[in-house]
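Structure first, then comments.
Keep in mind that this is a model prediction, so the values were computed, not measured. The figures that follow rest on heavy atoms only: side chains count, while hydrogens, waters and symmetry mates do not.
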Amino acid sequence: MRVIADIVKGAYSLIVGMGVTIRAFFSPVVTCQYPRETVNISPRFRSHTKLVGDPENPDRTKCIVCGMCERNCPSHSIKKVEGEKKEGEKKKTATSYILDFTTCSQCGMCVESCPVDALEFSDDYNPVGSKREDFHYDLVKEYEKRKKTI
Amino acid sequence: MCDTIINIVNIVGKEVVRTVVGLIGVFIVVLGNAIMLTWTERKVAGHIQRRIGPKEVGPFGLLQSFADSVKLLGKELLTPANVEKPLYYLAPTLIFVPVLVTFVVIPFDGFLQVKDINTGILVILAFSSLTVLSILIGGWGSDNKYSLIGAVRSVAQNIAYEIPLLLSLLPIIFMANSFSLRDIAEAQRGVWFVVYQPIAFLIFFVASVAETNRTPFDLPEAESELVAGFHTEYSGMRFSLFFLAEYTNMFIVSAIAVTFFLGGYQGPVLPGVVWFFIKTYALVFVLLWFRWTFPRVRFDQLLNFSWKILIPVSFLNLLVTGGILKI
Amino acid sequence: MTGMGLYNNLNIYLFVGLALLACGILGVIYRRTLVSMLISIELIMNGAGLNLVAFNRFVAPENAYGMAFTLFIMGIAAAEAAIALAIIILILRRYRHVEGAKLKEMKD
Amino acid sequence: MTFGLACCAIEMMCASMARFDIARFGAEVFRPSPRQADLMIVSGTVTKKMAPILVTLYEQMPSPKWVIAMGNCAISGGPFVFEGQYNLVEGVDLLVPVDVYVPGCPPRPEGLLEGLMKLEEKITGTRRFPVPEPKW
Amino acid sequence: MIFADAIFIIIVLVTLAGALMTVLSGSIIYALMGLVTTMFGIAGLYVYLNAPFLAMMQILIYVGAISVLIAFAIMLIGPLYKRPKEWSYPLKLIAAAVVALFSFFMFAKVMLKAQWAVLSKPFAISTKDIGRLLFDRLTFPFELISLLIVVAIIGAVMLSLYSRGEK
Amino acid sequence: MALATKIIEEFKPEFKSVDIAEVPYEKQGYHLAIEARTGNLLNIIDFLDRRDFYIIDLFCVDYQEYLELVYFFSTHRELCRIKVTLKLDPEKPVAPTISNVYTIARWYEREIHEFFGVYFEGHPNLTYLFLHEEIGHYPLRKKHVAVPDHDKKLLNSFKPHEEENSFFINLGPQHPSTHGVLRVVLKMDGEYLVSAEPVLGYLHRMHEKMAENRSYMQFLPNPARMDYPGALLFNLAYVEAVEKLCGIEVPERAKYIRTITCELNRIASHLLWLGAFPADLGALTPFMYAFDDRENILDILEDVTGSRLTYCYFRFGGLYNDINEETFIDATKRFIERMRERLVMYDKLITGNVIFINRIKNIGILEQGQAKKYGFSGPVIRSTGMPFDMRKVDPYAAYGSIDFEIPTGHIGDNMDRYLVRMKEIEVSLNIIEEGIKRLPSGPFKTEKVPKKLKPPKGDIYNAVESTRGETGVYIVSDESDTPYRMRWRVPSYSNLMTFPHLARGVLIADAIATLGSYDIVVPEIDR
């Protein structure tokens with residue numbers, strides 16, 4: 001008798017499980033069809049960094065080439081932060097700022113350590129490329145490109 | 001044009017022409033069914049898991065499986081170094097024989113049947129055992145431990161489940177008094193046999209799930225244990241033949257279940273062939289539904305279930321049916 | 001366009017059956033492992049069955065005794081295979097091999 | 001074919017899950033056997049101990065075959081590269097030819113999808129899918 | 001009917017080839033494949049002998065049951081990674097061949113000598129007739145066979161239980 | 001600290017010549033320090049074994065003039081961490097093995113052997129566990145020490161030699177069920193396993209070596225990569241250790257936010273496991289459902305931390321940034337509600353399923369007594385009925401002020417491990433609810449953290465309850481801005497090492513179910 005009861009109980013549990021899946025079958029999908037629509041990405045999302053423009057002088061970024069980020073980066077992704085002092089300005093202006101995104105771990109150490117808040121995370125959440133070198137961003141050039149589009 | 005055709009028909013004989021045409025039809029049905037079923041499976045899986053499934057290739061992703069099969073055809077035919085070549089090559093071909101043969105006797109309609117053999121069900125049962133054999137030699141020939149274990153499991157499983165499968169069909173044969181599938185379908189003009197034989201139907205269905213190696217009985221290709229089971233070493237075209245056979249087998253067992261228990265092509269209003277396909281695909285859907293709901297049983301549980309529950313119950317069922325019919 | 005009607009010739013069936021018998025004998029003597037000996041025995045049995053059916057067809061077509069006996073042969077073959085395989089596996093567990101020639105202990 | 005190695009493997013799974021549903025492109029069938037695979041997604045750090053296995057698996061795949069390096073570790077060793085490191089392969093492209101790179105640590109599932117599209121673009125020469133609008 | 005003849009000849013050849021493969025092949029799994037081929041050939045011959053039921057039973061029992069059983073035994077026997085190779089002394093092969101050929105020719109002689117009363121009556125025995133015969137006239141042997149099979153099953157189970165206990 | 005004093009009292013008469021010192025627990029994270037010598041080490045170990053101490057960790061520190069083996073012990077009933085040290089000659093480091101007392105030491109000693117070149121006398125199988133064949137030196141030694149030739153033979157030495165009547169299967173490193181790159185060499189007899197031997201190191205990313213090359217700040221992203229499903233918890237272990245080492249105070253609000261986010265992360269991790277475990281058993285759909293739920297948590301956490309998986313959120317003295325009060329709390333509350341409904345659904349779909357029950361019930365039984373020998377922790381130990389949870393034993397963050405129950409199992413089989421985890425999700429939901437209710441306002445970060453951390457000389461052990469068990473970090477500081485030595489005690493390591501014991505003589509399918517029930521994360525083991 002117990003065997004039969006077990007079988008019936010087992011079969012019932014299977015049917016309950018099937019009920020769950022069939023209900024899911026008829027409930028709406030949760031998929032976000034990526035290239036056609038995108039998920040709401042939090043504004044805090046960390047991608048690679050970008051340089052923020054100086055609100056007073058849109059030609060230059062806020063970066064003063066202090067090298068804090070370069071020193072603080074855990075994996076030495078930030079290279080060649082160079083700048084020059086332009087006429088009539090107190091601080092240095094960055095001329096090159098190379099970020100090797102392929103070693104970055106998106107920890108935010110550079111953003112945190114920047115004394116003038118010149119760094120920000122960009123919104124580039126889906127970068128792809130066919131070369132490694134695609135991701136050695138020169139943030140200064142990126143900024144200039146962005147500036148043109150605005 | 002017409003004359004030549006009639007001439008040819010007369011020369012070769014009507015039966016031969018019917019068979020040839022039927023075989024071509026079967027081939028088309030097999031391919032179409034497999035393509036359709038892969039698409040259905042993915043779509044059903046998707047919706048059960050609350051996602052969309054194939055969508056981007058063709059309307060509703062309908063061309064997805066087609067694209068996949070074209071891709072499979074284009075793949076390099078790799079032959080691993082250590083395989084036993086004759087067996088390795090033979091297995092995918094062999095698995096296709098029963099698939100084609102069994103289609104010959106399935107009555108899609110009162111008329112649409114390649115050939116009505118009066119030992120029809122025996123043909124199906126006899127040839128379906130070839131599937132095991134080809135899995136066996138495929139697994140043995142691949143020289144891969146996972147394949148071998150998968151093959152051994154498959155054989156044990158098939159031995160165990162062939163018996164309840166047969167035993168659950170016997171009462172129907174008693175009741176219809178024929179081996180011919182068409183006679184059996186015709187015998188259900190009034191009431192479907194599933195009404196008289198619900199237990200036999202359940203047993204048949206469970207056993208056929210096991211015979212087709214579907215979840216929860218998909219031990220021969222248990223992914224988490226055996227990588228891909230017996231077809232681990234197969235690639236490209238050869239793999240696709242295994243794949244095709246699996247989906248066609250699903251269709252076949254559903255078709256047999258429909259013919260034996262669910263009234264075959266009988267049904268109101270719509271033509272028989274439509275009813276047949278509706279019923280069959282409904283059963284296939286249940287198979288898919290199983291797959292995406294249940295975990296896999298363990299090997300010894302699988303065998304125990306067959307030997308300790310299915311076989312005694314089906315024997316009992318057979319006995320009772322015989323008793324009622326004759327006394 | 002009539003062919004030779006080879007399939008209506010009793011002797012051909014008998015020859016095939018005989019060939020199976022010979023092959024079976026060859027196999028039983030020549031093969032090394034017990035399983036392949038079993039396979040060879042199956043061949044012999046099939047030869048016999050073929051003969052029976054052939055005689056039934058050509059010599060006594062009015063009843064089905066030959067066929068019935070072939071069915072009996074199949075039943076016996078199945079039983080024999082089951083028992084033989086069980087024994088073979090037993091031998092395997094005991095002696096760790098299944099080679100007929102090496103089973104000296106049985107003779108003693 | 002999956003080659004989930006580390007953190008990125010989870011994001012790779014995410015890509016195939018309900019939210020992002022890689023199946024829409026017909027790419028949900030993660031085959032466990034290399035013989036039936038077309039694409040190897042190397043997601044995660046490749047160590048020197050793993051390298052020979054990776055190469056073997058790549059060689060077992062029937063051509064035509066492609067490789068996506070997913071995540072910074074697979075591209076260049078990522079944040080784990082330091083002076084005197086003894087156990088990393090600095091970039092999977094040193095072992096097998098890589099077709100598409102998806103950087104990030106880990107990349108979002110969108111990145112992987114974008115990588116697939118990039119791969120398709122590379123194979124067929126055209127992009128069938130719209131480019132999503134930049135977000136903000 | 002040249003067509004039917006051709007197929008018949010093919011079937012006979014397949015049967016014989018299968019039989020030879022069974023006994024002469026190097027590996028046991030090939031022997032099994034040979035056996036299966038032979039079974040299919042014989043089933044074909046049964047069809048030519050107007051016994052489709054027997055043909056189906058032949059495939060069902062020999063291919064579906066016995067071969068698979070043997071295959072299973074092979075899997076259990078060969079340590080899984082090792083392929084048991086079937087070799088033997090050539091001398092033994094010669095001896096075996098002599099015995100086999102001798103019996104072949106002896107029986108062939110007998111066979112050719114005998115005059116069979118071949119009747120050219122139409123042969124139309126249906127499945128029903130076989131069933132009738134089995135249950136009306138041959139009930140006793142039939143029951144004996146069933147008993148034999150039951151005994152065999154019990155014996156096999158006992159044997160396996162015995163060996164398991166020993167382990 | 002009653003136990004510590006008791007131990008001292010019992011210890012002194014038995015070992016007259018051995019130093020036993022009491023240590024300020026708040027500063028260093030352990031209670032007692034014992035300095036052993038090669039001669040009396042085994043006696044001390046025996047002494048601790050008799051008092052039901054389990055081995056937390058065993059590792060080595062290279063102090064240049066000597067090598068120091070560090071054994072950490074504690075009990076499951078009461079927190080009493082004891083550090084036993086043993087100094088070795090760096091030229092010829094030989095130590096007695098303790099693997100016949102504590103089984104888990106067998107693997108720890110192998111690890112030490114390959115990273116430091118220490119030999120253990122009497123070790124049954126002193127072969128390499130992690131490293132690959134090309135390594136020519138002992139990586140964690142401060143000076144370059146070449147590997148002698150006779151040692152090189154032991155590199156990757158687990159290549160099974162073929163034997164009659166048994167055959168080997170490599171489970172992994174690329175196998176669908178190993179969740180990563182674990183390799184287990186299985187010796188099979190048909191469908192049954194004769195033995196199983198894990199081979200590690202396919203994802204060895206040198207975290208411990210890296211720590212010696214980076215400053216305390218720069219190491220922050222690393223713990224998240226160690227255990228990616230439960231990144232925040234590892235992050236917390238590290239951050240708290242450094243805070244204790246430097247004496248940095250953390251504001252209350254930060255503590256609560258840490259607790260809440262950690263619990264969210266714990267649920268996410270358990271959900272990942274909940275998906276993967278039925279997938280090991282062949283059911284693929286729960287995988288999708290679990291990820292669907294997980295995706296919700298990821299959204300919440302992404303909103304706070306900025307990444308989806310490898311969070312690097314906690315900072316010394318607080319957090320990276322404050323939470324957005326409204327959206328975060330709203331979303332979390334919604335999630336809790338939804339999750340409770342979903343748990344009912346999981347019960348129907350998985351827990352009640354007869355196939356599932358039959359697959360995992362009474363399989364892979366771990367007895368309570370073995371906890372001492374293996375030192376496993378987390379849900380694995382709780383499933384045996386032992387309510388051992390670092391959150392209760394050694395409260396950190398805000399766990400001390402939140403009341404919660406510890407779910408336990410009965411017999412320690414796979415089913416119990418499954419149920420314990422499911423229960424834990426519920427408990428975590430309660431903790432989050434409670435935490436949100438009490439969330440104080442105030443600063444999220446102390447201002448007094450120096451830009452360059454230079455902790456005082458000393459060492460510290462700090463443990464948290466990660467999703468898989470007791471996660472400890474041990475730091476030796478030498479007053480510079482980089483740690484002198486950092487050691488991670490990871491739970492999966494000791495959990496996994498019970499697998500060879502459980503896998504003996506079971507079906508391969510059961511072994512895989514058992515492996516799945518541990519919730520192994522390989523990068524954590526390999527580090």
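- The nearest pair of heavy atoms linking C:L20 to E:A19 is CD2-CB, 3.6 Å.
- Using a 4.5 Å cut-off between heavy atoms, E:A65 does not touch chain C at all.
- For the pair E:L133 and C:Y65, the tightest heavy-atom approach, listed with the atom from each and the gap, is CD2-N, 3.4 Å.
- In summary, of the residues considered (E:I145, E:I66, E:I61), a side chain to side chain contact (heavy atoms under 4.5 Å, CB included) with C:M74 occurs for E:I61 alone.
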(Q) With side chain to side chain contact (heavy atoms under 4.5 Å, CB included) as the criterion, how do C:T70 and E:Y46 come out once you've worked through the C-alpha distance, each side chain's angles and the decisive distance to 0.1 Å? (A) CA-CA 11 Å; C:T70 311; E:Y46 283 162; 3.4 Å; yes

Q | Working for side chain to side chain contact (heavy atoms under 4.5 Å, CB included), residues E:V99 and C:L26 | A | CA-CA 7 Å; E:V99 174; C:L26 181 72; over 6 Å; no

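- There is no contact between E:R132 and chain C, counting heavy-atom distances below 4.5 Å.
- Contacts with chain E were tallied for C:G49, C:G47, C:A84; C:G49 has the most, counting heavy-atom pairs under 4.5 Å.
- Interatomic distance, CZ of E:F102 versus CD1 of C:I25, reported as 10.5 Å (0.5 Å rounding).
- Within the 4.5 Å cutoff, side-chain heavy atoms of C:N46 are placed close to those of E:Q58.
- Between chain C and the options E:L54, E:V150, E:L16, E:I42, the largest number of non-hydrogen pairs under 4.5 Å is found for E:L54.
- Summarising the geometry, atom CD belonging to C:E42 is positioned 5.0 Å from atom CD1 belonging to E:I70; distances are rounded to the nearest 0.5 Å.
- Only the side chain of C:F55 comes within contact range of chain E, with at least one heavy atom under 4.5 Å from a heavy atom of that chain.
- The parts of E:T22 that come within reach of chain C are both its backbone and its side chain, each placing non-hydrogen atoms under 4.5 angstrom from that chain.
- Across all their heavy atoms, C:A68 and E:L138 have their closest contact at CB-CD1, 3.6 Å.
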Q: Start with the C-alpha distance between E:L134 and C:F72, add both sets of side-chain angles, then the distance that settles side chain to side chain contact (heavy atoms under 4.5 Å, CB included), and finish with yes or no.
A: CA-CA 10 Å; E:L134 274 180; C:F72 287 158; 3.6 Å; yes

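- Contacts of C:L21 with chain E are made by side-chain atoms alone, with heavy-atom separations under 4.5 Å and no backbone atom involved.
- When each of C:I83, C:V28, C:L38 is scored by its heavy-atom pairs under 4.5 Å with chain E, the top score falls to C:I83.
- Between C:L71 and E:F142, the closest side-chain pair of non-hydrogen atoms is not below 4.5 Å.
- Put simply, the side chain of C:F15 does not reach to within 4.5 Å of the side chain of E:V12, judged on heavy atoms.
- Taking CG of E:L32 as the reference point, atom CD1 of C:I39 lies at 5.0 Å (rounded to 0.5 Å).
- When each of E:A100, E:P141, E:S103 is scored by its heavy-atom pairs under 4.5 Å with chain C, the top score falls to E:A100.
- Contact tally against chain E (heavy-atom pairs below 4.5 Å) for C:V16, C:L43, C:I76: the top residue is C:L43.
- Taking the six-membered ring wherever Trp is involved, the centroid distance between the rings of E:F8 and C:Y13 falls below 6.0 Å.
- Put simply, of C:G17, C:C23, C:A86, the one with the most heavy-atom pairs under 4.5 Å next to chain E is C:C23.
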